[in-house]
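Here's the structure we're looking at; comments come further down.
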Amino acid sequence: MDYDFSAIEKKWQAYWDAHETFKASDDFSNKNKLYVLDMFPYPSGAGLHVGHPEGYTATDIFCRYKRMNGFNVLHPMGWDAFGLPAEQYAIETGTHPSVTTAKNIATFKRQIKSLGFSYDWSREVNTTDPKYFRWTQWIFLQLYKKGLAYIAEVPVNWCPALGTVLANEEVIDGRSERGNHPVIRRPMKQWVLKITAYAERLLADLDELDWPEGIKEMQRNWIGRSEGAEVKFRIDGLDKTVTVFTTRPDTLFGATYMVLCPEHELVDVITTPAQKAAVEEYKKITASKSDLERTGLNNEKTGAFTGAYAIDPVNGNKIPIWISDYVLSTYGTGAIMAVPAHDTRDFDFAVKFGIPVKCIINPDPAEAAKEKIDCEAVLAGKACWTGDGVSINSANDDGLDINGLHVQEAKAKTIDWLAARGIGKRTVNYKLRDWLFSRQRYWGEPFPIIIMDSGEIRMVPEDQLPLTLPELSDFKPSGNGESPLANAGAWLDYVDPVTGEHGRRETNTMPQWAGSCWYYLRYIDPHNDKCFVDPEKEKYWMPVDLYVGGAEHAVLHLLYARFWHKVLYDAGLVSTKEPFHRLINQGMILGTSYKDKRGVLIPTDQVDLSGAEPVLKATGEKLTEFPAKMSKSLRNVVNPDDVVRDYGADSMRLYEMFMGPLKETKPWNTRGVEGVFRFLKRSWRMIMQTPVTDDPVPANLMRLLHTTIQKVTEDTETLCFNTAISQMMIFLNDFGKLEAMPREAAEIYTRLLAPYAPHIAEEMWEYLGHKDSIAYAPWPKADEAHMKVREVEILVQICGKPKARIMMSPELSPAEMEKVALADASVADAVAGKKIVKVIAVPGRIVNIVAK
RNA sequence: GCCCGGGUGGUGAAAUGGCAGACACAUCAGACUUAAAAUCUGAAGGCGAAAGCCGUGCGGGUUCGAGUCCCGCCCCGGGCACCA
């Protein structure tokens, strides 16, 4: 019988389903537990793309391998199903998002199942299921009760054309991701989560995590901790002070002006009548600017003088107060002291507006040379120096003298001086902002909140959750900034059963990220209707041991989920500080595309591939192959269904793992699938179409057998799947030539292959006489004794040039190796008459003779 | 501008400081076949008839020995971006 992958794969998928082979029902087993998680997908209408199975295959191999090694494995899958596409589709067609979502989930599930992943489907979750989002709402109430959720008037991305607010991630270069409509900043009342309260811990606990350094670094940058000081400046002639935040208190002596953000509350108070018109005009211009215009690449400084002056607390200097949009209202205190000599932005501004530049740091000459900065120019106020150096001209008559000190010491001394006089203190600032948590959408979790006519905010009682979405026929946003839920009629109204007071339900919904903030906890206890997760089960399974997904969630989902988890931890509801112990980002899979001479990408269907070189069908122009992100417009999207149909799930899995290291970006190449398909066909022939013998494995192959066990074990353990597969190919290249296949080798090979190509392995295992699934067959152990070799070829070099190859035992000491090497005729010949300076011998590897 | 990755044959890639290119894809040659497909066997980094020489983005350095370590650049991918 030939390798009929289609029949085999159907057979074993049905078997696994019927036998619930991968059900991790034992929540308290004394086996070692292992929780392996995939980032659950948004079930889009387009179906699975080849990027999904990459991560899923990796985790599946690891889980199957660990089960064979006796671990109790939790490996679940679910659906992150709230989201804009289903809602947009509803607006266009009137189809209820729940209908679209159910259909898409069915497609995704069929596709995922067709790849033979060993998920415990009894634990499937769906964020749009009221039984699930009941607990999303419940967790929100816990946040609210702790004061971590509040309503605030905040600037949001408002898209007039779509009639809705958009998340930052839905705005690309100042336009909406969908429809490409302009987006403006506008203040609106929104729900906000106080993630900033956890900034310090979100930062500190990163150190404990086994995550890619890049992702950790991205989170650190996003949180953006900076240490500095708040310093109070008096305003000349007014009984007012302005507090500024600075990371460089050591440069206070060099402040030559101050800048407030245009929105600063003191602007109107301090502006002099003469400057009023100019300031008003500038405020108007800033307000009308989009974020892109304000913060974009065009760093040309703008601003207006308020006419007021501040008093520098260290030297009593009167410095002019300006307003400028390079100072942000949302960071620090919205006000800065400007030290143009030692801050590039301040320098640009000062140059543009003719403000003096006062150098108070003598640059470190070595550092300045490295940065190609001219120290003389800095001292003359003609250039800006932001690096280290020693303070100059920095002393006053009131006991502060930092002259001669380096930046770090000067900072500390200045802060102490300020603190002693009550005009400054050490502070820490974060770039991280509180999380804008409401959306004007239909297809999301409704807030379990009622806003009473009196303005009082009430929670929906926990025993009345879930608060389900109202049925609507029109999903269009109201257009006035309110969610489609504002059209929900009776659903909106609330009457207090006791007092008769009237209220209205919150019409916003939660963002897509809400459901994914805690789904990994629900898998542990998915059907519990008493609490979101049983604490005992949580203790057993958490934390997630391995989490695999794309890097695009580096600072979104992965930060949000850590935040929620810490809130739950503080409430005593979960037992670990962090949810995801180890994280791996799988690399993107690129598609094949073609570029013409000018570098324009050509859609695949316009390319003629029949010749030796790809050419443009229309003109015959030669094209070059170029890997690019798969996209509909380039028509280079590979559909996993096609691959499974043509080559089978096992080939699909194997190919995606054989392409290269999991973390790397790799281009898809259908020819490569044929390569692994051939490998599987040859494996089939070796096991199924070669007589099986009970004779021992030929002595000359024992070493290969055991090094293969060792290499595949090591590489599977460390997720180096590509090299594990190579090793199996090497095994096959030799064992595949045998006239009869020794049973021992056949059984070992089948088990090594099982995590990678589970369907074919099950079929082979059954053929070899086993009644039970291979899923729990014990993983083979390599025997050191069989891996030893009596002799290896040792390269003998003379001054680094290969001279001879001599067989010797790898056990020989360096001295013995040297003796053997020098005894060799060609070596002796080569060193004759020369003086041996040094001999380096590395057992099992090399002998290098340095001779003159 | 700043912060992460990364640059190795025609292609995907491999290589605890120890013979660069394992394993594959594509290519070429051969076998089987009426033929093709499939399959099998073999060749193959570049230059060279060969001996040999040159080869891991570029330039230096450390070392008996560098793809691997150090210093300085260049290029590509990703993230952040007026954060005081």
Side-chain angles (χ1 to χ4, degrees), chain A residues 2 212-222 224-226 228-229 244-248 251 259 261 294-302 324-328 330-339 342-346 348-349 370 386 429-433 551-552 554-555 585 587-588 590 592 612 625 627 629 655 658-661 663-676 678-679 681-682 685 720 722-733 736-737 793-802 805 837-842 844-851:
Chain A
D2 279 339
E213 213 33 62
I215 299 285
K216 289 209 238 181
E217 204 51 35
M218 275 165 77
Q219 292 212 350
R220 286 190 194 108
N221 291 339
W222 189 264
R225 183 182 197 274
S226 49
V244 304
F245 173 73
T246 178
T247 55
R248 294 293 302 275
T251 62
V259 188
C261 66
R294 236 181 115 153
T295 64
L297 296 165
N298 179 10
N299 279 7
E300 184 70 18
K301 295 286 181 288
T302 58
S324 171
D325 62 5
Y326 84 91
V327 173
L328 308 174
T330 46
Y331 184 77
T333 61
I336 62 157
M337 64 170 198
V339 185
H342 307 295
D343 181 286
T344 52
R345 294 152 301 177
D346 297 347
D348 292 346
F349 190 91
K370 227 165 138 182
T386 58
N429 247 299
Y430 299 94
K431 282 198 234 177
L432 185 70
R433 309 289 150 75
E552 65 274 17
V555 286
N585 293 123
M588 210 188 335
L590 302 176
T592 310
E625 218 177 281
K629 215 168 157 170
Y655 173 62
F658 187 58
M659 286 170 91
K663 294 174 207 170
E664 300 298 311
T665 304
K666 302 158 287 242
W668 180 273
N669 177 1
T670 299
R671 300 276 203 183
V673 187
E674 284 175 36
V676 295
R678 272 203 284 264
F679 161 72
K681 280 193 287 189
R682 290 171 61 207
R685 233 177 300 136
C720 299
N722 54 330
T723 45
I725 295 167
S726 300
Q727 185 61 40
M728 290 189 262
M729 290 173 169
I730 293 168
F731 177 96
L732 179 66
N733 285 344
K737 291 188 179 104
E793 189 185 85
I794 299 290
L795 177 74
V796 181
Q797 298 181 325
I798 307 224
C799 293
K801 301 237 181 218
R805 289 154 206 282
V837 182
K838 195 173 178 184
V839 179
I840 299 99
V842 183
R845 298 243 176 233
I846 202 166
V847 177
N848 190 10
I849 300 165
V850 187

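In what follows, every chain begins at residue 1, and chains take the letters A, B, ... in the order their sequences are listed.
For B:G9, the O4'-C1' to base torsion is within 90° of 0; the nucleotide is therefore syn.
For the P atom pair drawn from B:C19 and B:C73, the interatomic distance equals 32 Å after rounding to whole Å. Nucleotides B:A14 and B:U68 place their C1' atoms 13 Å apart, quoted to the nearest Å. For B:G55 and B:G7, the C1' atoms lie 16 Å apart once the distance is rounded to whole Å. Separation of the P atoms belonging to B:C74 and B:C47 is 32 Å when rounded to the nearest angstrom. One P atom belongs to B:C76, the other to B:A66, and the distance between them is 30 Å to the nearest Å. Comparing the C1' positions of B:C53 and B:G57 gives an interatomic distance of 22 Å, to the nearest angstrom. Nucleotides B:G78 and B:A44 place their C1' atoms 37 Å apart, quoted to the nearest Å. Rounded to whole Å, the C1' atom of B:U16 lies 29 Å from the corresponding atom of B:C25.
Taking the side chain of A:Val842 as heavy atoms from C-beta on, and the options B:G18, B:C4, B:C25, the nearest nucleotide is B:G18. Closest approach to the A:Ser726 side chain among B:C23, B:A84, B:G18 is made by B:C23 (side chain taken as heavy atoms from C-beta onward).
The residue among A:Thr302 and A:Lys801 whose nearest nucleotide of RNA chain B is located toward the 5' end is A:Lys801. Nearest-nucleotide positions on RNA chain B place A:Ile215 closer to the 5' end than the other of A:Ile794 and A:Ile215.
Remark: A:Arg805 pairs with A:Glu793 by the salt bridge (Lys or Arg N to Asp or Glu O under 4.0 Å) rule, at least two apart or across chains. Among residues two or more places apart in sequence or in another chain, the side-chain hydrogen bond (donor to acceptor under 3.5 Å, both in side chains) test is passed with A:Glu674 by A:Tyr647. A:Thr665 is linked by a side-chain hydrogen bond (donor to acceptor under 3.5 Å, both in side chains) to nothing, counting only residues two or more places apart in sequence or in another chain. With sequence neighbours excluded, no residue forms a ring pair (Phe, Tyr, Trp, His ring centres under 6.0 Å) with A:Tyr430. The ring pair (Phe, Tyr, Trp, His ring centres under 6.0 Å) check on A:Trp668 picks up A:Tyr655, with sequence neighbours excluded. Partners of A:Asp346 by salt bridge (Lys or Arg N to Asp or Glu O under 4.0 Å), not counting sequence neighbours: none found. Residues satisfying the side-chain hydrogen bond (donor to acceptor under 3.5 Å, both in side chains) criterion with A:Arg225, sequence neighbours excluded, are A:Glu200, A:Glu227. For A:Glu217, the salt bridge (Lys or Arg N to Asp or Glu O under 4.0 Å) partners at least two apart in sequence or on another chain are A:Arg220.
Contacts of A:Gly332 with the nucleic acid, taken as non-hydrogen atoms under 4.0 Å apart, are absent. Note on A:Thr344: nothing from the nucleic acid sits closer than 4.0 angstrom, heavy atoms only. Within 4.0 Å of A:Arg225, counting heavy atoms only, lies no atom of the nucleic acid at all.
Here the straight-line distance linking atom CD1 of A:Ile849 with atom NZ of A:Lys838 works out to 13.5 Å at 0.5 Å rounding. With rounding to the nearest 0.5 Å, the separation of CG in A:Leu732 from CZ in A:Phe679 is 6.0 Å. Going from atom CG of A:Asp343 over to atom OG1 of A:Thr386 covers 8.0 Å, rounded to the nearest 0.5 Å.
Atom NZ in A:Lys681 sits about 10 Å away from atom C1' in B:A37, given to the nearest Å. We find that CD of A:Gln727 is positioned 12 Å from P of B:A15, with the value rounded to whole Å. If you take CZ of A:Phe679 and P of B:A22, they are 18 Å apart, rounded to a whole angstrom. Whole-Å rounding puts the A:Glu552 CD to B:G77 P distance at 19 Å. If you take CH2 of A:Trp668 and P of B:A24, they are 19 Å apart, rounded to a whole angstrom. Rounded to a whole Å, the CZ atom of A:Arg845 is 13 Å from the P atom of B:A15. Taking atom CZ of A:Arg671 as the reference point, atom P of B:C23 lies 21 Å away to the nearest angstrom. Separating the OH atom of A:Tyr331 from the P atom of B:A81 is a distance of 13 Å, rounded to the nearest angstrom.
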Inset, instruction - Quick one: do A:Val842 and A:Asn848 satisfy side-chain contact (heavy atoms from CB on, under 4.5 Å)? Show the steps, please. - result: CA-CA 9 Å; A:Val842 183; A:Asn848 190 10; over 6 Å; no
Legend entry - Dot-bracket summary - RNA chain B, pairs being Watson-Crick or G-U whose distances fall under 3.5 Å, with | when paired to another strand: (((((((..(((.....[....))).(((((.......))))).(((....)))..(((((..]....))))))))))))....
Taking only nitrogen or oxygen atoms into account, show me every contact under 3.5 Å that the protein makes with nucleotides 40-42 of chain B, one pair per line with its distance.
{"from": "B:C40", "atom 1": "OP1", "to": "A:Arg682", "atom 2": "NE", "distance (Å)": "3.3"}

Distances for protein N/O vs nucleotides 62-66 of chain B N/O pairs under 3.5 angstrom?
{"from": "B:C64", "atom 1": "OP1", "to": "A:Lys838", "atom 2": "NZ", "distance (Å)": "3.0"}
{"from": "B:C64", "atom 1": "O2'", "to": "A:Asn848", "atom 2": "ND2", "distance (Å)": "3.4"}
{"from": "B:C64", "atom 1": "O2", "to": "A:Asn848", "atom 2": "ND2", "distance (Å)": "2.5"}

All N/O contacts under 3.5 Å from nucleotides 8-14 of chain B to the protein, with atom names and distances to one decimal?
{"from": "B:G12", "atom 1": "O2'", "to": "A:Met659", "atom 2": "O", "distance (Å)": "2.5"}
{"from": "B:A14", "atom 1": "OP1", "to": "A:Asn722", "atom 2": "ND2", "distance (Å)": "2.9"}

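A donor N or O paired with an acceptor N or O is found under 3.5 Å between the base of B:C19 and the side-chain atoms of A:Arg805. Residue side chain A:Lys301 reaches the base of B:C82 through a donor-acceptor N/O pair under 3.5 Å, judged by distance alone.
Nearest heavy atom pair, residue A:Pro212 against residue A:Asn585, reads CG-OD1, 3.6 Å. The two residues A:Cys261 and A:Leu328 come nearest to each other via the heavy atoms CB-C, 4.1 Å. Closest heavy-atom contact between A:Val244 and A:Ile336: CG1-C, 3.6 Å.
Residue A:Lys216 places its NZ atom among more than 12 non-hydrogen atoms of other residues, nucleotides or ligands, all under 6.0 Å distant.
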